[in-house]
2 protein chains.
Amino acid sequence: MTRKDNSVNIESRRGYHHGDLRGALIAIGLEMLDAMPAEAISLRAMARRAGVSATAVYRHFPNRQALLAALAREGMERLGGLQRAASAAAGGGGPGLAASGRTYVRFAVDNPALFRLAFASAPATALLDLPLDEAGSAMRGLREAIAELLPPALPPAARRDAALHAWSLVHGLAMLILDGQVGYDPAEVDRVIRATLPGSAAG
Amino acid sequence: MTRKDNSVNIESRRGYHHGDLRGALIAIGLEMLDAMPAEAISLRAMARRAGVSATAVYRHFPNRQALLAALAREGMERLGGLQRAASAAAGGGGPGLAASGRTYVRFAVDNPALFRLAFASAPATALLDLPLDEAGSAMRGLREAIAELLPPALPPAARRDAALHAWSLVHGLAMLILDGQVGYDPAEVDRVIRATLPGSAAG
DNA sequence: CCCCCATGTTTACAGCGACAACATGACTCG
DNA sequence: CGAGTCATGTTGTCGCTGTAAACATGGGGG
């Protein structure tokens, strides 16, 4: 998916001058996020890698933050996709929810900079309060798994609480691990997640 | 506590040249953290406020990060103190643990920049794995409340799981709120925290 | 065919963290 | 009491950053 060219695209040139600079910058940014935190990525470094002057970036993004926001969106989408896939692969229901949670933490561990960025510069729209089909792809997996798991008769407020509960737990786990406050032990993560499934705790 | 002088201290001069520059910088940093995130605080701005040249800071901190780390430590200590106080005021036990958790989230909401900084540049020592009396003051409150609440017969691993569970939940809640992913509703926070108390969920 | 405008470049500026060389003044010791 | 040392603070500088303004260019639509 991410071609490895550091210079300008040649084949996929659908743009005008050079190539798809916007896309190239995003690919470069994601690549750099594998090696360093977002705050260490300079606009100029990305431009350099793209083989382009620093100010060319401003033709595609109003400022550095906007570029990072684009990377953040990509991160959210990847996370959401993995969660949905994991939930489906586990057959949905309780196992699906647990799998979705494990995937959430795993993603954070595997892509710390991207995970951090995804939330740090996320749009301030409260994902939990959006209707499911607009809730970005980020929380779709978790919320769908929870919705499926809860007794349909439950009032919406209880559903919301359950979703918040599950989300907070995995998010807290992820952040504490990333910040080095606790070690990453998959078995432990799994235990803690299972203990929180709706049904073990009252909604 | 934080005197409001922007120039050099006069009365509390226990230092040599000007005053207690190190202390002044920390006070200034905490003040600035009330108004902006840590990454927006420049070493030069702090020096300016202290009425001192930029490089004077390097006499007291090896670099900017070290100064921020000092602020982070202060944040951790404040948070820990508040938690212990809240737990004690609630009479310990289950109510104490819930109070400690509520205080954790509240602190984050009230001091977003300081809270973030406290974890972002925390020493990478896994607080949860330290003996209680060395565990900094950060997690003391939570862990003491949990220890008190759990049946003494429980094996240490179960205690650890319970602590991690509680900590993850409140930390996740706090971060999601700070990142604007969910709104801050004290009642909701309280509900979610109560649902996680050891005893509602199996350890 | 030509011109327009999206895309990219050059130049410039202020602010940043950090290093090296220098100044100063408070405390110590003879 | 006088000298000198060393912690503390200053000046000057460097390379880097984000970003604004003015200029260049070339591909596609009139």
Side-chain angles (χ1 to χ4, degrees), chain A residues 5-29 31-33 35-72 113 117 120-121, chain B residues 5-29 31-33 35-72 113 117 120-121:
Chain A
D5 48 4
N6 48 356
S7 81
V8 178
N9 275 344
I10 291 184
E11 34 217 42
S12 75
R13 63 154 59 203
R14 66 166 123 108
Y16 299 100
H17 254 170
H18 265 67
D20 178 16
L21 180 54
R22 185 192 157 94
L25 285 172
I26 292 185
I28 288 170
E31 213 174 299
M32 295 182 77
L33 279 174
M36 62 188 79
E39 69 264 26
I41 299 182
S42 79
L43 182 151
R44 289 168 112 106
M46 288 191 279
R48 245 177 271 132
R49 283 217 201 187
V52 117
S53 79
T55 54
V57 177
Y58 289 89
R59 294 294 148 191
H60 300 275
F61 303 93
N63 51 43
R64 186 187 106 112
Q65 258 222 26
L67 208 176
L68 292 183
L71 298 176
L117 176 65
S121 59
Chain B
D5 47 4
N6 49 357
S7 81
V8 178
N9 274 346
I10 290 185
E11 35 217 43
S12 73
R13 62 155 60 203
R14 65 166 124 108
Y16 297 44
H17 253 170
H18 265 67
D20 176 17
L21 180 54
R22 186 191 157 95
L25 285 172
I26 291 185
I28 287 171
E31 214 175 298
M32 294 182 78
L33 280 175
M36 61 188 79
E39 69 265 25
I41 298 183
S42 79
L43 182 151
R44 289 168 111 106
M46 288 192 279
R48 244 177 271 131
R49 281 217 201 186
V52 116
S53 79
T55 54
V57 176
Y58 289 91
R59 292 296 148 189
H60 300 275
F61 302 93
N63 51 42
R64 186 187 106 110
Q65 258 222 29
L67 208 176
L68 292 183
L71 298 176
L117 176 65
S121 58

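The figures here come from the full heavy-atom set of this structure, side chains too, leaving out hydrogens, waters and symmetry mates.
Checked against C/dA12, D/dG9, C/dA18, the side chain of B/Arg44 finds its nearest nucleotide in C/dA18.
Straight-line distance from the CG atom of A/Leu21 to the P atom of D/dG26: 17 Å, rounded to whole Å. Following rounding to the nearest Å, B/Glu39 (CD) and D/dG18 (C1') show an atom-to-atom distance of 15 Å. In this structure, B/Leu43 places its CG atom 18 Å from P of D/dT17, rounding to the nearest Å. Remark: P of D/dG9 and CZ of B/Arg48 are 18 Å apart, rounded to the nearest angstrom. In this structure, A/Ile41 places its CD1 atom 11 Å from P of D/dG18, rounding to the nearest Å.
For A/Ala113, the side chain to side chain contact (heavy atoms under 4.5 Å, CB included) partners at least two apart in sequence or on another chain are A/Leu33. In this structure, the side chain to side chain contact (heavy atoms under 4.5 Å, CB included) partners of B/Arg44, at least two apart in sequence or on a different chain, are B/Ser42, B/Arg48, B/Ala54.
Pairing each heavy atom of A/Ile26 with each of A/Phe61, the nearest pair is CG1-CZ, 4.2 Å. Contact between B/Leu25 and B/Ala50 at its shortest, heavy atoms only, is CD2-CB, 4.2 Å.
If you check distances only, the side chain of A/Thr55 never reaches the base of C/dT11 with a donor-acceptor pair under 3.5 Å. In this model, no side-chain donor or acceptor of A/Arg22 finds a partner on the base of C/dT7 within 3.5 Å.
Here A/Ser42 lies in heavy-atom contact (under 4.0 Å) with sugar-phosphate atoms only.
A donor-acceptor pair is defined here as one N or O able to donate and one able to accept, closer than 3.5 Å; no such pair exists between the side chain of A/Arg22 and the backbone of A/Arg59.
In the region residues 58-68 of chain B, proximity to DNA chain C at under 4.0 angstrom, judged on heavy atoms, holds for B/Tyr58, B/Arg59, B/Asn63, B/Arg64.
Put simply, the residue from B/Leu67, B/Val57, B/Val52 that forms a side-chain contact (heavy atoms from CB on, under 4.5 Å) with B/Met46 is B/Leu67.
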